[in-house]
Amino acid sequence: MKTKIVTCLTVLAFASGLAVADADAATLAPGDTILMNGSTAASHPELGGVVQQDQMLVTNEQQVPPEAAPFFNFADFNVQNRVVRSDADGTMIFAPRIMFSRNVTPYPLLVNRVDIWGFGDFEIDATYRTDGLGDRGPTNGSRSAGGDMLSFDFGFPLFINNSFVGPQEESYFFSLKTDATKFENTGRLSIFATALGDPVPGREYRFDVGGLAVPTAVAVVPVPASLPLLAIALCWMGLCRRRA
């Protein structure tokens, strides 16, 4: 019996060590799924940089199953919309964070997943920052085959109590390092949660926010169509004058 207890404690200690280990960001390619490990700027300087934008967004729409609507009331979340320019190479690091706002429903909420749209085909190295604010990060991340949608699962959900008193958990800052050097606020983010004590176990609730920062390519200024015609005309005039 004693041997079994020691073995269990050893396994738990090993698991805890994995949970807090500082790991490299993993490349999240289209169609891939990766394990998410926390990182710090101290051990990974490429994650450090100058904040380019830091604003607060509020989920502006909730999608509740019709049969649950009479009992659900209202809940929403804040999303910190932060963008950092890496000191290492000048590329954009997208660092959203899921925060508690209010929950006046009858149930505590468990945030299980976050989906983000707007990353196109840019390269992404994904992790989360354990040296910043927050309580926990996602356990794994995946990316759609086309590359535009990112999905992050919380194997240990964020707990949002149904009052302003009690445990209200928030995520760490995501750290999505891209190869982009510019950004725009045209992305979308959705938070998926279940309700603890819901009469229908596993029923999913969704909270959406727009205006999220996402990578963009350098804008190319088109050349007006009249300029080539003007150049041809000037060349023709020059040729005629030379002949004269």
Side-chain angles (χ1 to χ4, degrees), residues 8 11-12 15-16 18-20 26 28 30-38 57-81 96-119 124 126-128 130 134-174 176 187-210 212:
C8 289
V11 171
L12 287 173
S16 299
L18 288 179
V20 298
L28 186 53
D32 279 358
T33 297
I34 61 171
L35 292 176
M36 298 284 288
N37 295 297
L57 305 176
V58 179
T59 52
N60 52 17
E61 183 180 347
Q62 66 177 19
Q63 297 183 24
V64 177
E67 67 276 10
F71 312 103
F72 192 77
N73 297 327
F74 190 79
D76 57 18
F77 292 84
N78 290 329
V79 177
Q80 193 165 351
N81 189 27
R97 187 166 83 92
I98 310 305
M99 303 173 63
F100 167 73
S101 180
R102 57 179 172 166
N103 176 16
V104 294
T105 75
Y107 315 111
L109 296 176
L110 301 176
V111 174
N112 302 299
R113 190 173 94 249
V114 172
D115 289 350
I116 304 175
W117 289 265
F119 276 77
I124 302 173
T127 184
Y128 58 87
T130 57
D135 298 294
R136 69 179 73 248
T139 50
N140 63 278
S142 58
R143 191 173 184 183
S144 63
D148 192 59
M149 189 192 81
L150 313 180
S151 185
F152 299 96
D153 294 321
F154 287 82
F156 301 96
L158 299 176
F159 184 87
I160 311 298
N161 203 7
N162 59 330
S163 67
F164 289 94
V165 180
Q168 309 288 359
E169 295 184 329
E170 301 175 340
S171 78
Y172 287 124
F173 282 101
F174 287 79
L176 308 175
R188 293 187 297 120
L189 182 146
S190 294
I191 299 168
F192 296 87
T194 54
L196 194 63
D198 194 324
V200 181
R203 180 161 49 188
E204 194 170 62
Y205 301 85
R206 173 174 171 171
F207 307 86
D208 296 322
V209 64
L212 192 78

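One-based numbering along the sequence shown. Fair warning: this is a prediction, and the values are worked out from it, not measured in the lab. Excluded from the calculations below are hydrogen atoms, water molecules and symmetry mates; all remaining heavy atoms, backbone and side chain alike, are included.
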Under a 3.5 Å distance rule, please check whether Asn162 uses its side chain to pair with a backbone N or O of Asn103 as donor and acceptor.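 Not at all, since once roles are kept as given, no pair shorter than 3.5 Å links the two residues.
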Main-chain N/O of Gly202 paired with Thr194 side-chain donor or acceptor, under 3.5 Å: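 Judged by distance alone, no pair lies under 3.5 Å.
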For residues [X] and [Y], report the shortest heavy-atom separation together with the two atoms involved.
{"X": "Thr59", "Y": "Val209", "answer": "CA-CB, 4.0 Å"}
{"X": "Pro30", "Y": "Ala145", "answer": "CB-O, 3.3 Å"}
{"X": "Phe154", "Y": "Thr139", "answer": "C-OG1, 4.0 Å"}
{"X": "Ser101", "Y": "Asp76", "answer": "OG-OD1, 2.9 Å"}
{"X": "Ser142", "Y": "Thr33", "answer": "CB-OG1, 3.4 Å"}
{"X": "Gln168", "Y": "Asn161", "answer": "OE1-N, 2.9 Å"}

To the nearest 0.5 Å, what is the distance between [atom1] ([X]) and [atom2] ([Y])?
{"X": "Phe173", "Y": "Thr130", "atom1": "CZ", "atom2": "OG1", "value": "13.0 Å"}
{"X": "Gln80", "Y": "Ser171", "atom1": "CD", "atom2": "OG", "value": "9.0 Å"}
{"X": "Ile116", "Y": "Ser190", "atom1": "CD1", "atom2": "OG", "value": "9.5 Å"}
{"X": "Phe77", "Y": "Arg102", "atom1": "CZ", "atom2": "CZ", "value": "12.0 Å"}
{"X": "Ile160", "Y": "Phe100", "atom1": "CD1", "atom2": "CZ", "value": "7.0 Å"}
{"X": "Ile98", "Y": "Asp135", "atom1": "CD1", "atom2": "CG", "value": "13.0 Å"}

Just grab all the salt bridge (charged side-chain N to carboxylate O under 4.0 Å, His left out) pairs involving residues 157-171, residues at least two apart or on different chains.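 Pairs touching residues 157-171 that pass the test: Arg97-Glu170, Arg136-Glu169.
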Would you mind reporting whether [Y] and [X] have side-chain heavy atoms less than 4.5 Å apart?
{"X": "Leu109", "Y": "Phe207", "value": "yes"}
{"X": "Asn73", "Y": "Pro106", "value": "yes"}
{"X": "Pro199", "Y": "Tyr107", "value": "yes"}
{"X": "Leu110", "Y": "Leu158", "value": "no"}
{"X": "Leu176", "Y": "Phe152", "value": "yes"}
{"X": "Leu57", "Y": "Asn78", "value": "no"}
{"X": "Leu196", "Y": "Phe159", "value": "yes"}
{"X": "Asn112", "Y": "Phe192", "value": "no"}

Whether the Tyr205 and Asp198 side chains hold a donor-acceptor pair (N or O, under 3.5 Å, no angle test) is what I'd like checked.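 Tyr205 vs Asp198: donor-acceptor pair found between side chains.
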Decide side-chain contact (heavy atoms from CB on, under 4.5 Å) for Leu150 and Arg143; before the verdict, give the C-alpha distance in whole Å, the side-chain angles of both, and the deciding distance to 0.1 Å. CA-CA 5 Å; Leu150 313 180; Arg143 191 173 184 183; 3.5 Å; yes
Show your working on side-chain hydrogen bond (donor to acceptor under 3.5 Å, both in side chains) between Asn140 and Asp153 and close with a plain yes or no. CA-CA 6 Å; Asn140 63 278; Asp153 294 321; 3.2 Å; yes
Sequence neighbours excluded, which residues qualify as side chain to side chain donor-acceptor pair (under 3.5 Å) partners of Asp115?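 Side chain to side chain donor-acceptor pair (under 3.5 Å) list for Asp115, sorted by chain: Arg113, Ser151.
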I'd like to check the side chain to side chain donor-acceptor pair (under 3.5 Å) partners of Gln62; sequence neighbours left out, ordered by chain and number.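 For Gln62 there are no side chain to side chain donor-acceptor pair (under 3.5 Å) partners, ignoring immediate neighbours.
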Flag the pair Asp208 and Arg188 as a salt bridge only when some basic side-chain nitrogen lies within less than 4.0 angstrom of an acidic carboxylate oxygen.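 A salt bridge is absent here (no side-chain N lies under 4.0 Å from a carboxylate O).
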Could you check Phe174 against Tyr128 for ring-ring contact (aromatic ring centres under 6.0 Å, His included), going step by step and ending with a plain yes or no? CA-CA 4 Å; Phe174 287 79; Tyr128 58 87; 7.8 Å; no
